[in-house]
Amino acid sequence: MEIDGNVLAAKSLVHFGVQHMFGVVGIPVTSLANRAVSLGVRFIAFHNEQSAGYAASAYGYLTGRPGVFLTVSGPGCVHGLAGLSNASVNTWPTVMISGSCDQNDVGRGDFQELNQIEATKPFTKLSVKASHITEIPARVAQVLDWAQSARPGGCYLDLPTDVLHQKISESEAEKLLTEADKNRSISEPKIERPLSNSKIEEAVSLLRHAERPLIVFGKGAAYARAEHVLTKLVNSTGIPFLPTPMGKGILPDTHALAATAARSLAIGKCDVALVVGARLNWLLHFGEPPKWSKDVKFILVDVSEEEIELRKPHLGLIGDAKHVIEVLNKEIKDDPFCLGSTHPWVEAISNKAKENVARMEVQLKKDVVPFNFLTPMRIIRDAIAGLGSPAPVVVSEGANTMDVGRSVLVQTEPRTRLDAGTWGTMGVGLGYCIAAAVASPERLVVAVEGDSGFGFSAMEVETLVRYQLPVVVIVFNNGGVYGGDRRRAEEIDGPHKDDPAPTDFVPDAGYHALIEAFGGKGYLVGTPDELKSALSESFSARKPAVVNVVIDPYAGSESGRMQHKN
């Protein structure tokens, strides 16, 4: 019996461990998707390749296995580049598979023709084509391995139409799969480099003798499953810690040594900073003055030698975050030290954090109607806290909505916060929600979205309903980007001055009605009691829902880079 390239590609994906796929089907990949489903893969079909790609990238982060998404050729591949590039910038293992035109018709203007290998190269670690059906198993193994090896990222596999239609015997197919297994070699091995004893000793000495040490960790540490070893390090040394936005939850935000609420003091005054799985990019002010002290000594832990060479820290430790911290813990165990709660630095951080939290709580306690951003965010925070463990995955997207949520919402478990990430990408919200629901089915997913961020992928609420995913989308509706028309008088001029402002949306938009059109549950809320009731009901139901929270359009402000005033 013979099988075609679609069947062999599906068999290869299953053989090499793929359990879920995301994508948008059509010529020439519909059969591939159907065959994958028949072999046990759960295929989540989207409306837009961008959202499918975002879902695959988040899935890679949450599971530690490559997220795989499927697109058609040409424009489908181009749309998918959004998710592929987002994966690479965030260093999450992701594989995009696209159909492409018949190889015999390349250069002749074939249907959706595009040189997809060249188009994807700037955004991937590896872009390859299966030029014949016999190459499919080896190519599938190759992109999956490359995506998760060393520093993870995006990879691309091109499957031409003619290759998908070629046929071989089942026995030959099995032989090819076996050979691909035998020849499977990860070109960028995940083998841990031996850490220099002298560097480990130096790192521990720097921390031990520092007057104001700080441990900073990011989503790279979360991806590495470093929460237990980092908890041990913090608890044994008594060093305050600061998570990046998606590093929140590696240790609970409620931990006594959490410096999030004293961020400016922590980074401005620390003299030694151990940075684990986080890059010294814009999110950490490039590790430079005036936010950081000019004399701070960075100990940078990163899986990428190139990253350490770029940042030029005082000391670089190359390796997987979990492994490096394990080695540091062993070194400290032989000669332990602990700052203690009465250490001047710990007291300074603790007192500042308490002061800032108390100041914030004064504002949060107020029931402001029409809603500002703080009142509904407090209600959401308290409703999430009431769920206990397993904590929901919180997806946060928007400008003011994401900024306020970063300060107010509390993360107590690792990998339970997804936001715009390293690239500050808008449009990731619904894709991330779907990925989280698929990757962590035991958790509720709660999206806290600005109305602008929601609009990028709002049609995917139909996908939520179609697959009955436990996702509650909360939309902060303030009538536009940052809050509608904020133009100064001198800016309102010209022949089109009566048009809506570039930041304006339709006022009082019924976002809740969108999900109702597909059979989901919608809520329109404008008071604390209405919001509490909607959250209680939707959280308990664990069914697709949209909560449309009406916000005062004058409550927001223009937002971009992270602003921290604590």
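In this text, all values refer to a predicted model and were calculated from it rather than measured experimentally.
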Do the side chain of [X] and the main chain of [Y] share a donor and acceptor less than 3.5 angstrom apart?
X: D110; Y: V106; result: no
X: R151; Y: S304; result: no
X: N477; Y: D451; result: no
X: T120; Y: I117; result: yes
X: E2; Y: E170; result: no
X: K248; Y: V410; result: no

Show your working on side chain to side chain contact (heavy atoms under 4.5 Å, CB included) between V471 and I434 and close with a plain yes or no. CA-CA 8 Å; V471 177; I434 292 165; 5.8 Å; no
Could you go step by step and tell me if V394 and V445 meet the side chain to side chain contact (heavy atoms under 4.5 Å, CB included) rule? CA-CA 6 Å; V394 173; V445 181; over 6 Å; no
Answer whether the closest heavy-atom distance between the side chains of [X] and [Y] falls below 4.5 Å.
X: Q166; Y: L8; result: no
X: I325; Y: V276; result: yes
X: S73; Y: C101; result: no
X: C77; Y: V72; result: no
X: E537; Y: F539; result: no
X: S88; Y: N86; result: no
X: Y54; Y: L430; result: no
X: T401; Y: M377; result: yes

Pairing of [X] and [Y] as salt bridge, 4.0 angstrom limit:
X: E413; Y: R443; answer: yes
X: E113; Y: R108; answer: no
X: R415; Y: E227; answer: yes
X: R279; Y: D302; answer: no
X: K167; Y: D4; answer: no
X: K121; Y: E118; answer: yes

Step through the shown structure and confirm whether more than 12 heavy atoms of other residues, nucleotides or ligands are within 6.0 Å of [atom1] on [X].
X: L39; atom1: CG; result: yes
X: R35; atom1: CZ; result: no
X: D508; atom1: CG; result: no

Short side-chain donor-acceptor distance under 3.5 Å, [Y] and [X]:
X: H15; Y: D181; answer: yes
X: K219; Y: T91; answer: no
X: E462; Y: H47; answer: yes
X: T94; Y: S57; answer: no
X: Q411; Y: D253; answer: no
X: T463; Y: E460; answer: yes

Quickly, which of Y432, F69, Y59 forms a ring pair (Phe, Tyr, Trp, His ring centres under 6.0 Å) with F22? Name it, please.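 The residue from Y432, F69, Y59 that satisfies ring pair (Phe, Tyr, Trp, His ring centres under 6.0 Å) with F22 turns out to be Y59.
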Using every non-hydrogen atom in the two residues, find where [X] and [Y] come nearest and quote the distance to one decimal.
X: A224; Y: D320; result: CB-OD1, 3.5 Å
X: A45; Y: R466; result: O-NH1, 2.9 Å
X: L62; Y: L418; result: CD1-CD1, 4.1 Å
X: G5; Y: I136; result: O-CD1, 3.7 Å
X: D158; Y: S100; result: OD2-OG, 2.7 Å
X: V95; Y: P66; result: CG2-CB, 4.3 Å

Under the side-chain contact (heavy atoms from CB on, under 4.5 Å) test, residues paired with P152 that sit two or more places apart: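 Scan of P152 (side-chain contact (heavy atoms from CB on, under 4.5 Å), adjacent residues dropped) gives P93, Y223.
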Can you list everything that forms a ring pair (Phe, Tyr, Trp, His ring centres under 6.0 Å) with Y156? Sequence neighbours excluded, please.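 Per chain and number, Y156 pairs via ring pair (Phe, Tyr, Trp, His ring centres under 6.0 Å) with no residue.
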Find the distance between [atom1] ([X]) and [atom2] ([Y]) and round it off to the nearest 0.5 Å.
X: Q116; Y: L81; atom1: CD; atom2: CG; value: 9.0 Å
X: I474; Y: S538; atom1: CD1; atom2: OG; value: 7.0 Å
X: R139; Y: I97; atom1: CZ; atom2: CD1; value: 13.5 Å
X: L524; Y: E516; atom1: CG; atom2: CD; value: 9.5 Å
X: H228; Y: L230; atom1: NE2; atom2: CG; value: 11.0 Å
X: M402; Y: F476; atom1: CE; atom2: CZ; value: 13.5 Å

What do the steps show when you test S440 against E442 for side chain to side chain contact (heavy atoms under 4.5 Å, CB included), and what is the final call? CA-CA 5 Å; S440 306; E442 75 283 5; 4.0 Å; yes
Stepwise, does the side chain to side chain contact (heavy atoms under 4.5 Å, CB included) test hold for L159 with L164? CA-CA 7 Å; L159 296 177; L164 291 172; 4.1 Å; yes
